[in-house]
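As structure tokens, the structure follows; a few thoughts come after it.
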Amino acid sequence: MIMLLQLDDEVVINKFRVNDKKTLIGRRVECDITIDDISVSGEHASLEVENSVEFEGEFNYYINDLGSTNGTFVNDIKAKRQRLKHNDIIRVGWINFKFYDESQEENMLEKTSKIKKSWIPGVFYGK
């Protein structure tokens with residue numbers, strides 16, 4: 001299960017489950033995650049899910065800034081579009097979230113990509 005954990009001084013104050021395709025974050029009531037704070041734009045950012053190219057049957061998660069006034073940051077670096085990893089800190093306006101991937105708690109080691117030999121001598125590729 002993927003969640004965004006809203007933090008206040010490193011304490012989780014709210015949990016938001018990430019849906020299957022796109023989660024809209026902003027101040028508007030229509031957003032999937034509504035943040036009532038003046039530092040957050042009406043439609044501030046979106047969290048998108050895409051099929052993983054590296055690992056079949058797995059997904060990649062991206063945060064996208066939607067032209068917000070105060071920006072979207074991942075681990076204190078301003079981001080337009082950024083792939084997320086377990087425990088990344090996302091800042092929307094002045095509100096902090098932790099990207100939480102429950103499956104990573106169970107298996108902290110990253111999977112190893114399989115290397116395949118191509119028909120060209122000495123050339124290998126990952127799959």
Side-chain angles (χ1 to χ4, degrees):
M1 174 188 332
I2 303 296
M3 290 191 295
L4 287 181
L5 307 176
Q6 186 177 353
L7 304 174
D8 187 13
D9 291 330
E10 303 295 322
V11 176
V12 176
I13 61 170
N14 214 340
K15 296 178 183 179
F16 301 97
R17 190 175 225 191
V18 174
N19 64 33
D20 294 338
K21 293 291 178 196
K22 186 175 183 179
T23 302
L24 189 60
I25 304 166
R27 204 169 66 220
R28 291 195 179 142
V29 179
E30 299 85 18
C31 293
D32 301 303
I33 299 175
T34 302
I35 306 298
D36 186 21
D37 188 281
I38 61 171
S39 68
V40 177
S41 296
E43 290 184 356
H44 195 104
S46 66
L47 195 138
E48 295 180 7
V49 182
E50 295 181 4
N51 289 324
S52 174
V53 176
E54 297 93 9
F55 301 107
E56 188 176 325
E58 295 201 7
F59 302 97
N60 292 326
Y61 298 86
Y62 294 88
I63 190 79
N64 299 297
D65 184 80
L66 300 176
S68 66
T69 302
N70 293 311
T72 302
F73 296 78
V74 177
N75 300 323
D76 288 327
I77 299 171
K78 192 169 188 173
K80 286 287 185 195
R81 177 175 168 84
Q82 175 69 44
R83 184 174 171 188
L84 298 172
K85 301 180 308 292
H86 178 62
N87 284 334
D88 277 347
I89 300 298
I90 303 161
R91 183 163 48 95
V92 175
W94 292 113
I95 308 301
N96 286 322
F97 295 92
K98 181 183 280 193
F99 180 76
Y100 179 79
D101 183 351
E102 188 176 52
S103 68
Q104 294 300 310
E105 286 293 321
E106 297 168 5
N107 181 11
M108 292 302 290
L109 297 175
E110 290 189 27
K111 290 187 177 180
T112 303
S113 200
K114 289 185 179 178
I115 297 175
K116 304 275 185 181
K117 186 176 182 181
S118 76
W119 61 272
I120 303 169
V123 176
F124 298 88
Y125 63 95
K127 182 162 182 169

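Index from 1, following the sequence.
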### Worked verdict on K15 versus E102 for salt bridge (Lys or Arg N to Asp or Glu O under 4.0 Å)
CA-CA 13 Å; K15 296 178 183 179; E102 188 176 52; over 6 Å; no
### Message
Counting C-beta onward and ignoring hydrogens, is there a side-chain heavy-atom pair between F97 and I89 closer than 4.5 Å?
### Response
no
### Message
Please report the interatomic distance CH2(W94) to CG(D37), rounded to the nearest 0.5 Å.
### Response
10.5 Å
### Task
Taking side chain to side chain donor-acceptor pair (under 3.5 Å) as the test, write out the residues that go with D65, two or more places apart.
S68, T72
### Message
Between D88 and I63, is there a side-chain heavy-atom distance shorter than 4.5 Å?
### Response
no
### Task
Could you tell me whether Y100 and H86 have their ring centroids closer than 6.0 angstrom?
yes
### Message
Could you see if M3 belongs to whatever hydrophobic cluster contains L84? Use Ile, Leu, Val, Met, Phe, Trp, Tyr and a side-chain cutoff under 4.5 Å.
### Response
no
### Message
Please report the interatomic distance CD(E48) to CG(N64), rounded to the nearest 0.5 Å.
### Response
4.5 Å
### R81 atom CZ: more than 12 heavy-atom contacts under 6.0 Å
yes
### Query
Below 4.5 Å, heavy atoms only, C-beta onward: do V12 and L7 meet side chain to side chain?
yes
### Message
Apply side-chain contact (heavy atoms from CB on, under 4.5 Å) to residues F59 and N51 and explain how you reach the verdict.
### Response
CA-CA 4 Å; F59 302 97; N51 289 324; 3.1 Å; yes
### Message
Once rounded to the nearest 0.5 Å, what's the spacing between atom NE2 of H44 and atom CD1 of I35?
### Response
10.0 Å
### Query
CG of N60 to CD of E54: how many Å apart, nearest 0.5 Å?
5.5 Å
### Task
Give a yes or no on this: more than 12 heavy atoms of other residues, nucleotides or ligands lie within 6.0 Å of atom CD1 of I13.
yes
### Task
Answer with yes or no whether the hydrophobic clustering places Y62 together with F73; edges join I, L, V, M, F, W, Y residues whose side-chain heavy atoms lie under 4.5 Å apart.
no
### Message
Working to the nearest 0.5 angstrom, can you tell me the gap between L66 CG and S41 OG?
### Response
9.0 Å
Could you tabulate the donor-acceptor pairs under 3.5 Å formed by side-chain atoms of residues 21-31, not counting sequence neighbours?
from : atom 1 : to  : atom 2 : distance (Å)
T23  : OG1    : N19 : N      : 3.3
T23  : OG1    : N19 : OD1    : 3.3
R27  : NH1    : V40 : O      : 2.8

### Message
Can you confirm whether I33 sits close enough to L4 that some side-chain heavy atom of one is under 4.5 Å from a side-chain heavy atom of the other?
### Response
yes
## Note on the structure
Taking every heavy atom of R91 against every heavy atom of G93, the minimum-distance pair comes out as CG-O, 3.2 Å
## Note on the structure
Taken to the nearest 0.5 Å, the spacing of K80 NZ from K78 NZ works out to 6.0 Å
### Message
The test is side-chain contact (heavy atoms from CB on, under 4.5 Å); show your working for N14 and L5 and say whether it passes.
### Response
CA-CA 6 Å; N14 214 340; L5 307 176; over 6 Å; no
